[in-house]
Participant: 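I'd like to ask some things about the structure below.
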Amino acid sequence: MPDTALSPAPEACAGFPIEEALCEIVSNDAVNAEYRLMIARAPEAALRARAGQFFHLLCPATEAGQPFLRRPMSIYRIDPARGEIGFLYKVTGKGTRGLATLRPGEMLNALGPLGRGFTLPADTRHVMILGRGVGLATMAPLARLAAESGAAVTAVLSARSPELVMSRGELEAAGARVIEVVDTDGSSAPEEMEPRLAALHAERAFDYIATCGSNRLFRLARGLARSWGIPGEIALEQHMGCGLGMCYACVIPVALPGGGEEYRRVCWDGPVFTLEEAKGW
Amino acid sequence: MPDTALSPAPEACAGFPIEEALCEIVSNDAVNAEYRLMIARAPEAALRARAGQFFHLLCPATEAGQPFLRRPMSIYRIDPARGEIGFLYKVTGKGTRGLATLRPGEMLNALGPLGRGFTLPADTRHVMILGRGVGLATMAPLARLAAESGAAVTAVLSARSPELVMSRGELEAAGARVIEVVDTDGSSAPEEMEPRLAALHAERAFDYIATCGSNRLFRLARGLARSWGIPGEIALEQHMGCGLGMCYACVIPVALPGGGEEYRRVCWDGPVFTLEEAKGW
Amino acid sequence: MVTNSAPDLSVRIGSLTLKNPVMPASGTIAEGMTQVIDMGRLGAIVLKTITPDLRQGTLPPRVAEYRDATLFSIGIPSKGPDYLLEHTLPAYAACDAPLVASVSADTAEDFGKLAAYISDPRIAAIEANISCPNLKADGRAFGMDPEATREVLERMVAATRIPVWAKLTPNVGDITVFARVAEEAGCEAVIVGNAILGMAVDAEAMRPRLGNVMGGLTGPAVKPILLRMVHQCAKAVQIPVIGCGGITGGEDAVEYMLAGATAVQVGTANFIRPHTMTEAVDWIADYCTRHGLSAAREITGALRPLHAPATAPTETV
Amino acid sequence: MVTNSAPDLSVRIGSLTLKNPVMPASGTIAEGMTQVIDMGRLGAIVLKTITPDLRQGTLPPRVAEYRDATLFSIGIPSKGPDYLLEHTLPAYAACDAPLVASVSADTAEDFGKLAAYISDPRIAAIEANISCPNLKADGRAFGMDPEATREVLERMVAATRIPVWAKLTPNVGDITVFARVAEEAGCEAVIVGNAILGMAVDAEAMRPRLGNVMGGLTGPAVKPILLRMVHQCAKAVQIPVIGCGGITGGEDAVEYMLAGATAVQVGTANFIRPHTMTEAVDWIADYCTRHGLSAAREITGALRPLHAPATAPTETV
Ligand SMILES: Cc1cc2nc3c(=O)[nH]c(=O)nc-3n(C[C@H](O)[C@H](O)[C@H](O)COP(=O)(O)OP(=O)(O)OC[C@H]3O[C@@H](n4cnc5c(N)ncnc54)[C@H](O)[C@@H]3O)c2cc1C
Ligand SMILES: Cc1cc2nc3c(=O)[nH]c(=O)nc-3n(C[C@H](O)[C@H](O)[C@H](O)COP(=O)(O)OP(=O)(O)OC[C@H]3O[C@@H](n4cnc5c(N)ncnc54)[C@H](O)[C@@H]3O)c2cc1C
Ligand SMILES: Cc1cc2nc3c(=O)[nH]c(=O)nc-3n(C[C@H](O)[C@H](O)[C@H](O)COP(=O)(O)O)c2cc1C
Ligand SMILES: Cc1cc2nc3c(=O)[nH]c(=O)nc-3n(C[C@H](O)[C@H](O)[C@H](O)COP(=O)(O)O)c2cc1C
Ligand code: FES
Ligand code: FES
C-alpha cells in the first residue's frame with residue numbers, strides 16, 4: 001500500500017494560486033442547534049474555489065486557547081458576484097468553537113482554495129446528490145456547478161430528524177429537486193431509500209452520483225452506481241496537518257483498479273475520490 | 001550563602017488562611033499612559049491583607065494566550081468597609097496586558113494575601129516613605145497603617161516627570177504629607193534629596209523609613225537610616241513561581257548580621273526586608 | 001462492573017497502600033501549601049529533595065515562563081537532613097497522608113548514608129532524585145548512566161528498610177533501561193519522571209532568561225513526552241510506575257494511568273492552581289463512576305487499541 | 001558595527017554558502033508550497049526523507065494536536081530515489097535555492113548506497129535522517145547509538161562527494177556525543193534536531209490518539225529542549241549547527257542563532273503559517289539592523305552572559 005500517488009504537476013516558483021485569504025466576516029449565525037453558517041467577503045483567489053474544494057481555516061482563540069493547527073472546511077457557497085464565500089459547520093471542538101465566536105467585521109484567515117473537487121463528466125444530464133450531516137456542506141456548490149453545466153439535480157438530504165435537515169434552501173436556489181429522508185420515520189434506511197432512488201432513476205436516468213457524510217450513503221451510492229453503470233464521487237475527511245499535500249498526515253487507503261490499495265492524501269489527491277477508489281469505513 | 005531562612009511556623013492541615021479569592025472587578029482604569037488602577041470586591045480573607053503583602057493574580061488570556069504563571073501584585077488599597085481591594089499596576093507584558101482587559105463585573109482570581117509585610121516599630125511617630133514608579137503601589141497601605149497607629153507620614157514621591165507622579169491622592173487621603181521630586185528638574189537626584197530630607201528630619205525627626213521601587217532611593221534610605229540610627233524597610237521584587245514559599249524561585253541574597261549572605265524567598269520571607277538585610281542592585 | 005457505590009480510589013505502590021493515586025512532585029510543595037489546601041486528602045505527600053550538606057541553589061532569576069511551560073533552575077537548596085527530621089516532618093504531622101522523603105547526594109555512598117540517616121518511622125518511602133550531577137563522573141547526572149543509577153539505588157535499598165522509589169530523569173535515550181535497573185536494584189516504584197533540561201533566550205536582550213542558562217522544563221508542554229515514557233516503562237517493569245509531567249488535573253492523571261501509571265505526581269500546576277491535586281482526586285472518582293469502574297486501579301494500563309477504521313473519515317452523523 | 005546598508009544574511013554551512021539562514025525542515029514542505037510562497041527566497045530547500053524502497057508510512061490517524069504542539073506519526077512514506085531524481089528535483093528547478101536531499105534506510109550499507117545513488121549535481125547537500133529504526137539492532141534507532149550513527153555517517157561520507165549533514169535525534173541522553181561523532185565522520189553540519197517521541201491519549205475514549213500510538217512531538221512546545229541541545233552542541237563541535245524545533249518566526253530563529261546555531265530549519269509552522277520562513281528572513285534582516293549587526297552570522301553564538309545583578313529586583317523606573 002505505498003504512497004505513490006503522483007502529485008499534480010507543480011508550478012514551481014511561478015504564480016501563487018493558493019493564498020492565505022483574509023476574509024471579512026459578513027455573518028456567522030446558527031442554522032440549528034449544532035450548525036452555523038458563516039459568510040465572508042473573500043479576495044479573488046478564494047472566489048476561484050470549485051465544488052468539493054476546501055479551505056484550511058485559522059480558528060480564533062477561545063478560553064481554551066488558540067487552536068494550533070488549521071481546520072479544514074469545505075466550501076459551501078461561492079458567490080463571485082457578491083465576492084463572498086460561505087462555510088456550513090458543526091460546532092464540535094476547540095477550532096469550530098473558535099469559529100463560532102467570529103463577529104461580522106472580524107477577519108478570518110482562510111488558506112486555499114485547496115484540494116481536488118468534484119469532476120462532473122462532460123454531458124452529465126442528471127446528477128444525484130446523497131448527503132447527510134456535515135456532508136451537505138460539500139454538496140451545495142456541486143448543485144450549482146451542475147445547474148451551470150445544464151444538468152438537472154436531485155438532492156436527497158438525510159438527517160436524524162426533520163428539524164435537522166439542512167441546505168434545502170441553498171440546494172433549491174441552485175435549481176435542485178430536494179427529497180428529505182429522516183431516521184425518525186425510517187425513510188433514511190438504505191432498504192427504504194434504494195427502491196425510491198431506483199424509481200427516480202427509472203423516471204429520469206441519473207448519469208452521475210455524488211455523496212458525502214455517511215458510510216451508509218456511500219455504500220448505497222456505490223451499489224447504485226455499479227448497478228446503473230454510471231460514475232460517482234465521494235468527498236472524504238481525514239485529520240490534517242498542512243492541507244497542502246506536504247505532511248502526509250491526511251492519508252486514507254484507496255482501492256487500486258488492479259487490486260490492492262494505497263494511501264492517498266485527502267488534502268491534495270482528494271478530498272473527492274471516485275466511488276470505486278473509496279473504501280467504506 | 002545557603003537557603004537556611006526558617007519558614008514561619010506552619011499551621012499544618014488546620015485553617016486555610018490563604019485563599020484563591022474570586023474578586024469581582026469594580027473598576028479598572030488607566031491612571032496615566034502606563035499605569036492602571038484596578039478595584040475589586042474581595043472576600044473576607046483577602047481583606048485581611050496588610051501593608052506590604054501581595055496577591056498572586058491569575059491573569060486573563062489575550063491574543064498572546066493565557067499567561068501560564070500567576071503574577072505578583074502588591075496590595076495598593078485595602079478597604080474592609082467597602083469590601084474592596086485595589087492594585088496599581090504597570091502594563092508591561094503578557095500578564096499585565098491581560099489584567100488590563102478585565103471589565104467591571106468580571107472575576108479576578110487572586111491568591112493571597114501572601115508574604116510578610118511592613119512591620120512598623122511600636123511607638124513610631126514619624127514615618128518617611130520614599131517611593132518611585134511601581135514602588136508607590138506598595139506604599140499607600142503603609143501610610144494608612146501608620147496613620148491608624150498614630151504616626152505622621154511624609155511621603156516623597158519620585159518620578160521621571162511631574163505628570164508621572166502617582167498616588168498623591170491616595171497618600172494624602174491617608175493623611176500623609178506629600179513631596180514630589182522629579183528627574184526633569186533634577187530634584188530627584190540623591191544629592192538634591194539628601195539635604196532636603198535632612199532638613200525635614202531636623203524639623204521633625206523620622207523614626208522609620210520605608211522604600212520601594214528604586215535602587216537609588218534604597219541607597220539613600222539606607223544611608224539616612226544609618227546616620228540617623230533608625231530602622232527601615234524595603235519591599236523587593238523577584239520573578240516568582242508559586243508565591244507560596246514552595247518553589248524557591250524568588251530568592252534574593254540578603255546580608256547576614258555577622259557578615260556573609262544567604263538567599264531568602266521574596267514571596268515568603270519577604271517581600272519586605274530590613275534596609276540592613278537588603279542589598280543594592 | 002457498573003457500581004453505585006463510591007469507587008475505591010486506593011492504589012498499591014509496593015508495600016504501601018495509598019488512599020488515592022494523587023501526590024505532589026518533589027520540590028513543588030512546602031509548608032505553605034498547608035495554608036491553602038487540605039494536604040490530608042492526598043494519596044501521599046512527597047517532600048522536597050534534601051542533600052546531606054547545606055546548599056544555596058542556583059543564581060537568580062530562577063524561573064522563566066514559556067507558553068504552557070516553565071523553566072526552573074533551582075538547584076537543590078537544602079537545609080540538610082536534621083532540618084527535615086526536626087522541622088519538616090512535624091509540619092505535616094497533622095496531615096493524614098504518608099510522607100515521602102526525597103534525597104540526593106554527590107556520590108552513591110552519600111545517597112546510601114543519607115537514606116540510612118533519615119530512616120525514621122514517620123517516613124513511608126524515600127525517593128531517590130538521581131537527576132543531580134555525580135561528582136565522581138565529571139558532574140554527569142547519575143540518572144543518565146545505568147551503572148551509576150544502579151549503584152545509587154542498590155546502596156539506598158541496602159541502607160534502609162523504608163521502601164525506596166527511583167525518580168528517573170527523562171534526559172536519556174531509552175528510559176526503560178533505567179526502569180529495569182531500578183526494579184533489579186529492589187526499588188518498589190519508579191517515578192517517570194523529572195524535568196526535561198531546557199533553555200530560554202531573550203532575543204532582544206541577547207541573553208539567557210535564567211541565571212543558570214539551562215533549567216528544567218516543566219508543565220503541560222512536557223506531558224506528551226513523559227506520557228510516552230510512562231507507557232514504555234509500564235511495559236518494561238513489574239513494579240508500579242508513577243507518572244509525572246505536566247499534569248494539570250484529573251484528566252491528565254487518567255491519561256497517565258491509562259498509559260500504565262499506578263499513581264501520579266503533580267508539580268508546576270500546584271503553583272498556579274493550588275487546588276489541582278484535591279480536585280484531581282474528585283475528578284478521578286467521577287471518571288470511575290462515569291466509566292463504570294469500581295476502582296481507580298482498573299484505569300492503570302486500560303488503554304485500548306485504536307481500531308483505526310479501514311478508512312479514517314469520521315461518520316459525521 | 002552599525003551600518004546603514006542592508007545586512008548580509010548569508011551563512012556558511014561547510015563548503016556551501018546559503019543566501020540566508022532559513023530553510024524548511026525535512027518532511028514539512030512539498031511541491032504544494034511552491035503554490036503559496038516563493039521558495040526561491042529561502043537559504044535552502046530541504047526535501048522529504050526518501051528510502052531506497054517504496055514505503056507506505058504508518059496507520060492513520062497520523063496527527064494529533066496538543067496545546068502548542070502536534071504529534072505526527074507519518075513514518076517515511078517514500079516514493080524511492082528515482083522519483084526524487086525524476087520528479088521532485090525538477091519540481092524545484094525554477095526555485096533559486098540549493099536543494100538538500102534527505103535519506104534514510106534500514107542498514108548502514110543502504111544509507112551509503114542511497115547517498116551514492118542520488119549523488120546528482122542538482123543536490124547541494126544530503127541530510128542523513130538517522131532517527132529511523134536500525135533493522136540490525138532490533139529496530140532501535142540508529143541515532144540513539146553512537147556507533148551505529150558513526151557507521152551510517154562514515155559510509156555516506158565515503159559514498160558521495162556531496163556534503164553530508166547529520167540530522168540528530170533529540171531522543172538521547174547526551175546529544176553532544178552524537179554531534180562529535182558526526183564531526184569526526186566528516187559531516188559538514190549537524191541538524192539539532194528531529195522530533196521528540198511523544199504520545200497522546202484520549203481519556204474519555206480510553207484510546208491513543210494516533211494510529212501508531214506514539215509519534216513525534218513538534219512545534220513550539222519543544223523549542224526550549226532543542227534550544228538547549230543546540231547550545232550544548234555548538235560548544236562541542238566546530239562544524240555548523242543547524243537549529244530545528246518549534247520555530248514560528250524570526251525571533252525563534254534568532255534565539256537558536258544566539259544559542260549557537262548557524263542556520264535554522266522550520267517545520268510544523270509551515271503547516272499553519274506558510275509564510276513563516278519568508279517572513280523570518282525579513283525579521284532577521286530587521287533584527288540585524290536594529291542591533292547594529294552588519295551580518296546575520298554575527299548573531300551565531302552571540303549570547304551574552306546574564307549579569308544577574310547582586311539582588312535581582314528590577315529597577316522599575
Ligand atoms: C476536507 C474536509 C472538509 C470538511 N468540511 C467540513 C464542513 O464543511 N463542515 C463541517 O462542519 N466540518 C467539516 N469538516 C470537518 C471539520 O474539519 C472538523 O469538524 C473540525 O476540524 C473539527 O475541529 P474542532 O477543533 O472543532 O474539533 P476537535 O475534535 O477538537 O478537533 C481536534 C483535531 O481533530 C481534527 N478533526 C476532528 N474532526 C475531524 C474531521 N471530521 N475531519 C478532519 N479533521 C478532524 C481537527 O481538525 C483538529 O485537528 C471537514 C473535514 C475535511 C477533512
Ligand atoms: C512582591 C511583588 C509585588 C509587585 N507589585 C507590583 C505592583 O503593585 N504593581 C506593578 O505594576 N508591578 C508589581 N510587581 C511587578 C509585577 O509582578 C510585574 O510587573 C509583572 O509580573 C509583569 O508581568 P507581565 O506578564 O506583564 O510582564 P512580562 O515581562 O511578560 O513577565 C514575564 C515573567 O516575568 C515576571 N516578571 C516580570 N517583571 C517582574 C517583576 N518586576 N517582578 C517579578 N516578576 C516579574 C512575570 O511575573 C512573568 O512571570 C510586583 C512584583 C513583586 C515580586
Ligand atoms: C520549582 C521546582 C522544584 C523542583 N524541585 C525538585 C526536587 O527538589 N526534587 C525532585 O526530584 N524534583 C524536583 N522538581 C521536579 C518536579 O518534581 C517534577 O518532576 C517536574 O516539575 C515535572 O512535573 P510537572 O510538569 O508537573 O511540574 C522540581 C520542579 C520544580 C518546578
Ligand atoms: C509531518 C512531519 C513529517 C516529517 N518528516 C520528516 C522526514 O521525512 N525526515 C526528517 O528528517 N524529519 C521529518 N520531520 C521532522 C522535522 O523535519 C523537524 O525535525 C521537526 O518537525 C521539528 O521541527 P518543528 O518543531 O519546527 O516542526 C517531520 C516532521 C513532521 C511534522
Ligand atoms: S494534510 Fe498534510 S498532506 Fe494532507
Ligand atoms: S515564588 Fe515560589 S518560593 Fe517564592
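Residue numbers start from 1 in every chain, and the chains themselves are labelled A, B, ... in the order their sequence lines are given, proteins ahead of strands. In this text the structure is predicted, and so the values were computed from the model without any measurement.
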Participant: Between Ala69(C) and chain D, which part of the residue has a heavy atom less than 4.5 Å away: side chain, backbone, both or neither?
Facilitator: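 Neither part.
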
Participant: Select one option (side chain, backbone, both, neither) describing which atoms of Val222(D) are under 4.5 Å from chain C's heavy atoms.
Facilitator: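 Contact with chain C involves no heavy atom of Val222(D) at all.
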
Participant: Residue by residue, which of residues 223-231 of chain C have a heavy atom closer than 4.5 Å to a heavy atom belonging to chain D?
Facilitator: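 Residues in range: Lys223(C), Pro224(C), Ile225(C), Leu227(C), Arg228(C), His231(C).
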
Participant: For Leu197(D), which atoms come within 4.5 Å of any heavy atom of chain C: side chain, backbone, both, or neither?
Facilitator: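 When you check distances to chain C, atoms from both the backbone and side chain of Leu197(D) fall under 4.5 Å.
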
Participant: Side chain, backbone, both or neither: which part of Asp174(D) has a heavy atom under 4.5 Å from chain C?
Facilitator: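 Contact with chain C is through both the backbone and side chain of Asp174(D).
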
Participant: Considering only heavy atoms and a distance below 4.5 Å, find which of Gly198(C), Ala259(C), Ala302(C), Ala200(C) pairs most often with chain D.
Facilitator: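 Option with the top pair count is Gly198(C).
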
Participant: Is there any residue in residues 143-150 of chain D with a non-hydrogen atom under 4.5 Å from a non-hydrogen atom of chain C, and which ones are they?
Facilitator: Met144(D)

Participant: Does any heavy atom of chain D fall under 4.5 Å from the side chain of Ala141(C), the backbone, both, or neither of them?
Facilitator: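 Neither part, no heavy atoms under 4.5 Å.
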
Participant: For Met214(C), which atoms come within 4.5 Å of any heavy atom of chain D: side chain, backbone, both, or neither?
Facilitator: side chain

Participant: Select one option (side chain, backbone, both, neither) describing which atoms of Glu204(D) are under 4.5 Å from chain C's heavy atoms.
Facilitator: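 Both backbone and side chain.
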
Participant: Tell me, side chain or backbone of Tyr256(C) under 4.5 Å from chain D's heavy atoms, or both, or neither?
Facilitator: neither

Participant: Highest number of heavy-atom pairs under 4.5 Å with chain D: which of Leu71(C), Asp202(C), Asn171(C), Val254(C)?
Facilitator: Asn171(C)

Participant: Which one of Gly173(C), Ala64(C), Gly215(C) has the most heavy-atom pairs closer than 4.5 Å to chain D?
Facilitator: Gly173(C)

Participant: Compare all side-chain heavy atoms of Ile130(D) with those of Phe178(D) and state whether any distance is below 4.5 angstrom.
Facilitator: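 Not touching, per the 4.5 Å side-chain cut-off.
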
Participant: Checking Leu303(C) against chain D: side chain, backbone, both or neither under 4.5 Å from a heavy atom?
Facilitator: both

Participant: If I measure from the heavy atoms of chain C, does Leu210(D) come under 4.5 Å with its side chain, its backbone, both, or neither?
Facilitator: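 Leu210(D) touches chain C through backbone heavy atoms alone.
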
